[in-house]
Amino acid sequence: MWRCSRLRPSPARHLHSPFQQSKRTIRMSDKGPKILSSEEMDVSEAKWITLKKLNWMDAEGTKRAWECAERRTRKGSGIDAVAILTLLRSKKNAFPLSTVVIEQYRPPIDKFIIELPAGLIDENETAEQAALRELHEETGYKGDHVTLSSPVIVADPGMTNANMKLCVVSVNVEDDTVPEPKLDPGEFIVKRVVELSKLMDELNEYDKKGFVVDAKLYHFASGLVMAQKIQDGLL
């Protein structure tokens, strides 16, 4: 992998496979991003998120109140974001079926996280279009097509109404070039290509190094492991 003290990918290089990128990853001891202070924030100052008090009635007719967070960025589609599960294949059989994950610092948890490429959906954009765009921007890979698009799903319905779709994107690699991401200013992301069959092992290694593993990614990896164990008669 790329060196990440600045969390910027190195330029694209001609390699025999995506796995021959530098194996160095973010080191927790490197000088890098950190929280400088934390303070209460007035809702009127918030650009991305707001708080709501929901007055509701339960099944027994008791009136109750619930606090929740909502995104201010939701567009006309009614869907906030998209996460991308990439199926990366080599037309020359240079490497096994693989996927792409990213390393990124997340201020709310003050840690680096390993997660799927993802992003907000723009106005007049479908989740599937956003998936292809975000994958190209964050990893440099151009998806051939979206092979599967999930229903609208949620991750933390007890705290927020934020929702998303999971899109599976097929990428067929023509040559041995590792593409360069098209990152926005202030966006610091490192990508990594991982064999699907080794995904769980890689995530467990990240955990040992101090990373936080994104729940959606870990659930997917767990599903792969469980499916194989069921097929082998071990579950």
Side-chain angles (χ1 to χ4, degrees), residues 33-85 101-135 137-138 146 148-169 184 186-187 189 200 203 206-207 210-227 235:
K34 59 184 178 182
I35 299 298
L36 301 178
S37 65
S38 177
E39 59 192 67
E40 296 290 333
M41 183 179 189
D42 191 280
V43 174
S44 63
E45 301 178 51
K47 178 181 178 182
W48 303 97
I49 298 171
T50 188
L51 295 177
K52 291 286 183 70
K53 179 181 179 181
L54 305 178
N55 298 303
W56 65 291
M57 182 181 295
D58 68 17
E60 297 179 339
T62 302
K63 293 181 180 180
R64 301 181 181 277
W66 196 287
E67 300 172 2
C68 78
E70 293 184 2
R71 287 188 182 274
R72 294 182 183 270
T73 53
R74 181 175 293 180
K75 302 299 189 294
S77 68
I79 308 171
D80 293 314
V82 62
I84 305 103
L85 174 63
V101 295
I102 61 173
E103 300 172 5
Q104 186 172 196
Y105 174 76
R106 292 295 194 178
I109 59 173
D110 193 23
K111 287 182 178 293
F112 287 96
I113 191 168
I114 183 74
E115 58 188 344
L116 294 170
L120 298 177
I121 298 173
D122 291 341
E123 189 66 85
N124 300 319
E125 185 179 46
T126 67
E128 294 72 26
Q129 290 169 336
L132 295 174
R133 174 180 57 79
E134 286 288 350
L135 180 65
E137 290 175 359
E138 293 192 353
V146 175
L148 180 66
S149 184
S150 77
V152 177
I153 55 178
V154 297
D156 197 351
M159 188 184 75
T160 177
N161 72 340
N163 62 25
M164 65 179 302
K165 276 193 168 188
L166 173 66
C167 288
V168 180
V169 176
D184 293 329
E187 194 171 29
I189 289 173
M200 179 59 83
L203 298 184
Y206 268 108
D207 176 66
F211 283 75
V212 173
V213 181
D214 175 70
K216 295 179 294 296
L217 179 56
Y218 198 86
H219 292 164
F220 171 71
S222 297
L224 284 180
V225 171
M226 291 180 66
L235 280 179

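Within the 3.5 Å criterion, the main-chain N or O of E125 finds no donor-acceptor partner in the side chain of D122. Under the 3.5 Å distance criterion, the side-chain polar atoms of R72 are matched with a main-chain donor or acceptor of A46. In terms of modelled atom types and a separation under 3.5 Å, the side chain of T160 and the main chain of A69 share a donor-acceptor contact. Here the side chain of D80 pairs a donor or acceptor atom with the backbone of N163 at under 3.5 angstrom. Judged purely by atom type and a 3.5 angstrom limit, D58 uses its side chain to pair as donor or acceptor with the backbone of T62.
Closest heavy-atom contact between C167 and V82: SG-CG2, 3.7 Å. Scanning all heavy atoms of the two residues, the minimum distance from I35 to P107 falls at CD1-O, 3.5 Å.
The aromatic rings of F211 and F112 sit tilted relative to each other, their planes meeting at an angle between 30° and 60°.
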### Task
Show the numbers, then the answer: is there a side-chain contact (heavy atoms from CB on, under 4.5 Å) between K216 and L166?
CA-CA 9 Å; K216 295 179 294 296; L166 173 66; over 6 Å; no
#### Entry: Full working for side-chain contact (heavy atoms from CB on, under 4.5 Å) between D110 and Y105
CA-CA 7 Å; D110 193 23; Y105 174 76; 2.5 Å; yes
### Message
Quick one, L235 with M226, criterion side-chain contact (heavy atoms from CB on, under 4.5 Å). Give me CA distance, side-chain angles, the key distance, then yes/no.
### Response
CA-CA 8 Å; L235 280 179; M226 291 180 66; 4.2 Å; yes
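Taken from OG1 in T73 to CD1 in I121, the straight-line distance is 10.0 Å, to the nearest 0.5 Å. Atoms CD and CZ, on E115 and R106 in that order, are 4.0 Å from each other to the nearest 0.5 Å. Atoms CZ and CD1, from R71 and I49 in turn, are 6.5 Å apart once rounded to the nearest 0.5 Å. Taken to the nearest 0.5 Å, the CD atom of E128 stands 10.0 Å off from the CG atom of L148. With rounding to the nearest 0.5 Å, the separation of CD in E134 from CG in L120 is 7.5 Å. Interatomic distance, N55 CG to R64 CZ, rounded to the nearest 0.5 Å: 13.0 Å.
Within 6.0 Å of CD in E123 there are more than 12 heavy atoms belonging to other residues, nucleotides or ligands. Heavy-atom contacts from other residues, nucleotides or ligands closer than 6.0 Å to CH2 of W56 number more than 12. Within 6.0 Å of the NZ atom in K75, the count of heavy atoms belonging to other residues, nucleotides or ligands exceeds 12. Other residues, nucleotides and ligands contribute only 12 or fewer heavy atoms inside 6.0 Å of the CD atom of E39.
At a threshold of 4.5 Å between non-hydrogen side-chain atoms, the residues S149 and K165 count as touching. Looking only at side-chain heavy atoms (C-beta outward), V212 and Y206 stay at 4.5 Å or farther from each other. Annotation: side chain of I102 is in contact with side chain of E138 (closest heavy-atom distance under 4.5 Å). By the 4.5 Å heavy-atom criterion applied to side chains, K52 and N161 are not counted as neighbours. With contacts defined as side-chain heavy-atom distances shorter than 4.5 Å, the pair T126/S77 does not qualify.
Looking at L116, V169, L135 one by one, the single match for side-chain contact (heavy atoms from CB on, under 4.5 Å) with L85 turns out to be L116.
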